[in-house]
Number of protein chains: 2
Amino acid sequence: MSEIFLKDALVTLKESGVRITPQRHAILEFLISSEIHPTADEIYKALEADFPNMSVATVYNNLRVFRNAGLVKELTYGDASSRFDFVTHDHYHIICDVCGKIVDFHHPGLEEVEHLASHVTGFKVNSHRLEVYGTCPECAANVKKAK
Amino acid sequence: MSEIFLKDALVTLKESGVRITPQRHAILEFLISSEIHPTADEIYKALEADFPNMSVATVYNNLRVFRNAGLVKELTYGDASSRFDFVTHDHYHIICDVCGKIVDFHHPGLEEVEHLASHVTGFKVNSHRLEVYGTCPECAANVKKAK
DNA sequence: TACTTCTTTATAATCATTATAATTAGTTTA
DNA sequence: TAAACTAATTATAATGATTATAAAGAAGTA
């Protein structure tokens, strides 16, 4: 499954004239296999063993390349580090307020909201961002124990 | 209208034991009257004339105080500066990809999405964040002209 | 193989935000 | 009202994520 994603991604990149370097291959592979929506630094640390000389700038540069190619989405959170998500099919995120864990869930797109927003404001709508916040089952259990 | 918001906000603060200083009064007043969802630095600059000795830290400190009191919402955008929004009734934001302008629009809350997310993931849901992105009428007009 | 261009690396710079310590000002209570 | 207590402000330094820069290295091409 993830091998297919990786192959498709490499094809997409090549077609848009982006060279496939070992670093790019490794970053993509890690992003696809990872379930943790990693930060740039987490990617950097994860690949340290295989690429002891890789620079953090390389990670950032390539995440931007992937984002521009539409392969990767950047999830931003103010001053804290951005997290990066390999784009598969459309999904949303639910984020634990306690431990910060990000879990995917599926929901039909909110075209209706986009239409209303467009109608009311006169904007030409491109996209939207939706995140749900709450407490994950594990953290909820811990809170109960602590009582 | 905005005077009522301000008075209510001051009462809320006092009730939770927060001292009302001239700086806090001015920051709140500016936030309420402003339509631009300002950054901390924009607030700082806007009040420079009245408070030449005010520190940026004061702006940040108080925005946090207001956020903790539920009076203000912080809108975060990765490495770029956060923007701050005085909380009135529930509304969402639509943001222009070209010029960055943020416009409010109203839409019934998305309880149904929250329920689905909660059901699928087992999270206890607290809140959600929704933003729509697009091109504002002014920028759309400019693009046409440029052609 | 030689050339051109893109990529990586190492490092320094930037910028938003937070921490610290000293000073100042609200608030409380006698 | 004045003293005392505590919180808030200021000025400044520190932090941490991200980006810019310049030199060195590697990929693609003639």
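A note on names: the letters A, B, ... follow the listed sequences, proteins ahead of strands, and every chain is numbered from 1. We use all heavy atoms of the structure for the numbers below, so side chains are in, but hydrogens, waters and symmetry mates are not.
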Whole angstrom value for the distance that separates [atom2] of [N] from [atom1] of [X]:
X      : N       : atom1 : atom2 : result
I20(A) : dC6(C)  : CD1   : C1'   : 13 Å
I27(B) : dA8(D)  : CD1   : C1'   : 11 Å
L63(B) : dT18(C) : CG    : C1'   : 13 Å
N53(B) : dA8(D)  : CG    : C1'   : 15 Å
E15(B) : dT27(C) : CD    : C1'   : 17 Å
Y44(B) : dT10(D) : OH    : C1'   : 10 Å
N61(A) : dA17(D) : CG    : P     : 17 Å
F51(A) : dA26(D) : CZ    : C1'   : 14 Å

Between [options], which nucleotide gets closest to the side-chain atoms of [X]?
X      : options                   : value
M54(A) : dT10(D), dT9(C), dT18(D)  : dT9(C)
S55(B) : dT18(C), dA11(D), dT8(C)  : dA11(D)
R19(A) : dA26(D), dT18(D), dA8(D)  : dA26(D)
A57(A) : dA10(C), dT6(D), dT10(D)  : dA10(C)
Q23(B) : dT10(D), dT17(C), dT18(D) : dT10(D)
V18(A) : dT7(C), dA16(C), dT9(D)   : dT7(C)

cation_pi(R67(B), Y60(B)) dist<6.0 Å, angle<=45: no
So what does [X] hit on the nucleic acid, given a heavy-atom distance under 4.0 Å: a base, only sugar-phosphate, or nothing?
X      : result
D41(A) : nothing
T21(B) : sugar-phosphate
S81(A) : sugar-phosphate

Below 4.0 Å: OP1/OP2 of dT18(C) and any side-chain N or O of Y60(B):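 No, outside the criterion.
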N62(A) side-chain N/O to dT8(C) phosphate OP1/OP2 under 4.0 Å: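 Looking at the OP1 and OP2 atoms of dT8(C), one of them is under 4.0 Å from a side-chain N or O of N62(A).
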Throw together a table of side-chain donor-acceptor distances under 3.5 angstrom for residues 43-53 of chain B, partners on residues two or more places apart or in other chains.
{"residue": "K45(B)", "atom": "NZ", "partner": "D41(B)", "partner atom": "OD2", "Å": "2.6"}

R64(A) (side chain) and dT18(D) (base): donor-acceptor pair under 3.5 Å: no
Side-chain donor/acceptor of R24(A) to base of dT7(C), under 3.5 Å: no
Parallel, tilted or perpendicular, as decided by the 30° and 60° cut-offs, for the rings of Y92(A) and F105(A): tilted
Any pair counted as salt bridge (Lys or Arg N to Asp or Glu O under 4.0 Å), so long as it reaches residues 101-113 of chain B, sequence neighbours left out: K101(B)-E138(B)
Sidechain-backbone polar pair: R24(B) side chain, N62(B) backbone, donor-acceptor under 3.5 Å: no
Exceeds 12 heavy-atom contacts within 6.0 angstrom, atom NE2 of H119(A): no
T39(B) vs P22(B), nearer the 5' end of DNA chain C by closest nucleotide: T39(B)
